[in-house]
2 protein chains.
Amino acid sequence: MTRMHKENNLSKNQQIIFDLIDKSPEPLKAYTILFNVQKKGINAPPQVYRALDKLVEIGKIHKIESKNAFVACKNSDCEISKATAFSICESCEMVDEISDTKLSKYLSSFNHKKGMKFKRFNLEFFGICKKCK
Amino acid sequence: MTRMHKENNLSKNQQIIFDLIDKSPEPLKAYTILFNVQKKGINAPPQVYRALDKLVEIGKIHKIESKNAFVACKNSDCEISKATAFSICESCEMVDEISDTKLSKYLSSFNHKKGMKFKRFNLEFFGICKKCK
DNA sequence: TTAGAATTGTTATAATATAACAGTATGTAA
DNA sequence: TTACATACTGTTATATTATAACAATTCTAA
């Protein structure tokens, strides 16, 4: 029907959902996203989850596993989400992507004794942020 | 009615569920656990989740966040689950707890630029294990 | 021995995620 | 420009993961 919005390589639904996540200061959950995009014609969970899956796959967003929530990638170092690290405040729930070259290199070169070669890692740090202290 | 089984500091349900997880070579999901303990009189999800919460809290088990599954702690270094690291095979789903003093020290002493002091971390490495290669 | 804390049992329901199927848009190569 | 493959969309239904709320029992420590 109408042209897809391919300017950024993203499809219409992907772009809508990425924009929402990108401008959110907080990680967003799938059903919060669904609620917020219903006015744009995205009506059902599979539409949201499909866009989320794709955005994760291409590294535009990351899933915070401990919270089942999604944040936009703020970091050029984590090419296609191979090496992610986050700082999570247990009080206000704020999540910050950690961009630390030394940390990233250290972990990327870490290999398991049992002969396993790692392709990817996800690290989540928990604490109380400056504001909440 | 009957005495609780406190020999190990665990209540009856906690002990039943810990035993099941501890002898499993694979991470177990909550509803898999539920199915497997119904013959022992644990009938409903809250009973399972309460035991899991407690076992996580006291460090007897860990939750693998990316899989919503639970493994017994095999590691004396992660006192009360403050510092956990896992190796996860993306092919066979095998999960191994990583016990590496250097890694643990490195991460435990890592602090965020933005003034956040971390109390806890969880790290999940992904790859293809030796067997699956 | 009794009060508080922890644990248990139970029903119902909330929150998170996917299966399956039919249709539409897009890119590309003949 | 047709036709094919691939990716994306829309939709209904359902599977999976997790918690709320309440009543009762058991444990522990004073």
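The basis for the numbers below is simple: all heavy atoms, side chains too, and nothing from hydrogens, waters or symmetry mates. Note on naming: letters A, B, ... go to the chains in the order of the sequence lines (proteins, then strands), and numbering restarts at 1 for each one. Just so you know, these numbers come straight off a predicted model, no measurement behind them.
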Atom-pair distance (CG on L10(B); P on dT8(C)), nearest Å: 10 Å

N or O in side chain of K63(B) less than 4.0 angstrom from dA18(D) OP1/OP2: yes

Nucleotide dG10(D), atom C1' - distance to CD1 of I17(A) in whole Å: 13 Å

Charged N-O contact under 4.0 Å between K119(A) and E90(B): yes

Side-chain N or O of K29(A) closer than 4.0 Å to phosphate OP1/OP2 of dA18(D): no

Working for ring-ring contact (aromatic ring centres under 6.0 Å, His included), residues F121(B) and F126(A): CA-CA 6 Å; F121(B) 69 80; F126(A) 303 86; 9.4 Å; no

N43(A) versus Q47(A), side-chain donor and acceptor atoms under 3.5 Å: no

Among dA17(C), dT11(D), dA18(D), the one nearest R50(A) by side-chain distance: dT11(D)

Nearest-angstrom distance from the residue atom CD of E57(B) to P of dA6(C): 9 Å

Under 4.0 angstrom between Y49(A) side-chain N/O and dA17(C) OP1 or OP2: yes

Pair S66(A)-E65(B), side-chain donor/acceptor within less than 3.5 Å: no

Spacing between E65(B) atom CD and dT16(C) atom P, to the nearest angstrom: 14 Å

5'-most by nearest nucleotide on DNA chain D - P45(A) or T32(B): P45(A)

Any Q47(B) side-chain N or O less than 4.0 Å from OP1/OP2 of dT7(C): no

Whichever of D53(A) and N13(B) has its nearest DNA chain C nucleotide further upstream toward 5': N13(B)

N or O in side chain of K54(B) less than 4.0 angstrom from dA5(C) OP1/OP2: no

Of the listed nucleotides dT8(C), dA18(D), dG10(D), the one nearest the side chain of S11(B): dT8(C)

Phosphate contact (dT11(D) OP1 or OP2) by N43(A) side-chain N/O below 4.0 Å: yes

Rounded interatomic separation in angstrom, taking CG from L55(B) and C1' from dA6(C): 14 Å

Sugar-phosphate, base or nothing in reach of K67(A), heavy atoms under 4.0 Å: nothing

Centroid separation F125(B) to F110(A) less than 6.0 Å: yes

Flag, side chain of S109(A) to backbone of K105(A), donor-acceptor distance under 3.5 Å: yes

Check: Y31(A) side chain, dA14(C) base, donor-acceptor under 3.5 Å: no

Among dA17(C), dT8(C), dA20(D), the one nearest P46(B) by side-chain distance: dA20(D)

Spacing between I16(B) atom CD1 and dG9(C) atom C1', to the nearest angstrom: 13 Å

Residue-phosphate contact under 4.0 Å: N68(B) side-chain N/O, dA18(D) OP1/OP2: yes

Nearest-Å distance for atom pair CG/P, residues L52(A) and dT18(C): 10 Å

Between dT7(C) (C1') and Q14(B) (CD): distance, integer Å: 8 Å

